Amino acid sequence: RIRFNLLKKKKKKRLPFIKVQFEMWDSDEPVPRLELLKKVKGCDGILCVLTEKIDAQLLEAAGPNLKVVSTMSVGFDHLSLDELKKRGIRVGYTPDVLTDCVAELTVALLLATSRRLIEATHEAKTGGWGTWRTLWLCGHELANSTVGILGLGRIGVAIAERLKPFKVKKFIYTDVAPRPELANMIEAEYVSFDELAKQSDFLAVCCALTQETHGICNWNLFSKMKKNAIFINTSRGGVVNQEDLYEALSTGLIAGAGLDVTTPEPLPTHHPLFTLKNCVILPHIASASYTTRNAMSALAANNLLAGLRGEPMPKELKL
Ligand SMILES: O=C(O)[C@H](O)CO
């Protein structure tokens, strides 16, 4: 629970001193919903992570004091933006500080998937490693490939910058409109959604989950992709139709998929995608480095405090 009082302004340029009373959920497990609904009552601000749904029900439970919601994430699909806007509640989020970390993990996942590293270590450990065989565990290489980016933002650029030294031949991207200022940084060509599907040897999904992108990676996309294509998703599980992805992977329509995000999370261990050798699934760890998580939490706290002071936030989401 957060209360704040403006005590005094010392000098003109100094930030006003605010006294904040807060209650912290001191566990790595999400706050049980009913408890959260009780605890937010009367709060002036909420700092949340992506497991908390900030929707009309929660905003009603918080009541009219609530002025700021600060999420420790770059993604904001867990926030009902319309409801927040309607109530004049400001929103902080954490872009930029996680870009390097997410791009690094995306490259790691791409290589683990395309060079079949998980399968390979499993074979080595469980007796599958026989004599050297010419086509055993062959994968697909980045050299001379075309890499497609679905949704070009800071993270897409950072991924391309890291992949370039692997001698990628061409970067292509699609988005709602061309983004020349970002595309020029990586010499990426703007193409249609269909061309992205047809041309990409590697396709990295980097778009935010919105009503427009929900389920956008479905049979329509997979059926146009190359047989050797590798599909990588480190954005949100909701952009993928998982039944269609399973079909595409199990029938050899595409070569492999690396997913850091799924629907739901955690993905139940009996889910069919876990049965596929050509699907590498990680438990949503793209931003999981100590440096990045510390930076995200500091930024989220500073967003919250700035919002409570009524000042511009370091990173405020335009509603
Ligand atoms: O939205 C985010 O910040 C990421 O998904 C967390 O890893």
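Remember, it's 1-based here, ligands and their atoms both numbered in the order they're listed. If you read the sequence from its start, that first residue is 1, and numbering goes on from there. None of these values were measured; they are calculated from a predicted model.
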Determine, for Glu316 against Arg90, whether the closest basic-nitrogen to carboxylate-oxygen distance falls under 4.0 angstrom.
yes
Just so I know, are the side chains of Val74 and Asp96 near enough to count as touching, which here means a heavy-atom distance under 4.5 Å?
no
For salt bridge (charged side-chain N to carboxylate O under 4.0 Å, His left out), just list the numbers for Asp100 and Arg162, CA-CA rounded to whole Å, side-chain angles, deciding distance to a tenth of an Å, and then say yes or no.
CA-CA 10 Å; Asp100 287 334; Arg162 282 158 179 76; 2.9 Å; yes
Below 4.0 angstrom, N of the basic side chain to O of the carboxylate: do Arg33 and Asp55 qualify?
yes
With only distance considered, is Ser73 within less than 3.5 Å of ligand 1 through an N or O on each side?
no
List the closest protein heavy-atom neighbour of atom 7 (O) of ligand 1: residue, atom name, distance to the nearest 0.1 Å.
Ser287 OG, 2.7 Å
Which atoms of ligand 1 have any heavy atom of His284 under 4.0 Å away?
4 (C), 5 (O), 6 (C), 7 (O)
What is the nearest protein non-hydrogen atom to atom 3 (O) of ligand 1, stated with its residue, atom name and distance?
Val74 N, 2.7 Å
Is it the case that ligand 1 has an N or O less than 3.5 angstrom from some N or O of Gly75?
yes
Quick check: Ser235 and ligand 1, any N/O pair under 3.5 Å apart?
no
Looking at Met296, which atoms of ligand 1 are within less than 4.0 Å of one of its heavy atoms?
3 (O)
Enumerate the atoms of ligand 1 whose separation from the nearest heavy atom of Leu98 is less than 4.0 angstrom.
3 (O)
Is it the side chain (CB and beyond), the backbone, both or neither of Val102 that lies under 4.0 Å from ligand 1, heavy atoms counted?
neither
Is the centre of the Phe222 ring less than 6.0 Å from the centre of the Phe231 ring?
yes
Sequence neighbours excluded - side-chain hydrogen bond (donor to acceptor under 3.5 Å, both in side chains) pairs with any residue from residues 69-82
Thr71-Ser73, Thr71-His78, Asp77-Arg236
Can you check salt bridge (charged side-chain N to carboxylate O under 4.0 Å, His left out) on Glu60 and Arg87, steps first, answer last?
CA-CA 10 Å; Glu60 283 308 309; Arg87 292 167 172 81; 2.5 Å; yes
Atom 1 (O) of ligand 1 - nearest protein heavy atom and its distance
Arg236 NH2, 2.6 Å
